Amino acid sequence: MRLRNEAEALREQLEAKQEMGGDISKPQLAKLEGLIRDCQKVEKTLVAQSSQFASLTESGPALNLDSLRSDLRCRLASLRTCCDERDVSGGTAG
C-alpha cells in the first residue's frame with residue numbers, strides 16, 4: 001500500500017509539473033498509472049488471501065492426524081478379522 005501511495009504521489013507531481021509546462025511524456029505517465037493499477041491488484045489479492053487464512057484459523061483446530069491414523073488402523077484391524085488379510089492389505093486376488 002505504501003508503494004502505491006508513493007506511486008500516486010509521484011504521478012501527482014508529474015501531472016503538476018506537466019501543467020506548469022514541464023516536459024513529461026505520456027508513455028511515462030501511462031506506465032506509472034499501470035504500476036498503480038498493479039499495486040491495487042496486489043493489495044486486493046493480499047486482502048483476499050489474508051481473509052481466507054483468517055477464516056481457516058478461526059474454523060477450529062487442524063485435522064488431528066494421530067486420531068485419524070488410529071481410527072484407520074482400527075478399521076483395518078476389523079476388516080482383517082472378518083476377511084482374508086491378504087485382500088485387505090492390498091494383495092492381489094487370484
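Along the sequence shown, the residues carry numbers beginning at 1. Here the structure is a predicted model, which means the values were calculated and not measured.
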Notebook entry, point to check: Quick one: does T45's side chain have a donor or acceptor within less than 3.5 Å of a partner on K41's backbone?
Noted result: yes

Checklist line | Closest contact, heavy atoms only, A7 versus I36 | finding: CB-CG1, 3.7 Å

To the closest 0.5 Å, what do you measure between [atom1] ([X]) and [atom2] ([Y])?
X: D71; Y: L76; atom1: CG; atom2: CG; answer: 9.5 Å
X: C39; Y: K44; atom1: SG; atom2: NZ; answer: 12.5 Å
X: Q40; Y: L35; atom1: CD; atom2: CG; answer: 10.0 Å
X: S51; Y: L46; atom1: OG; atom2: CG; answer: 10.5 Å
X: L14; Y: E33; atom1: CG; atom2: CD; answer: 10.0 Å

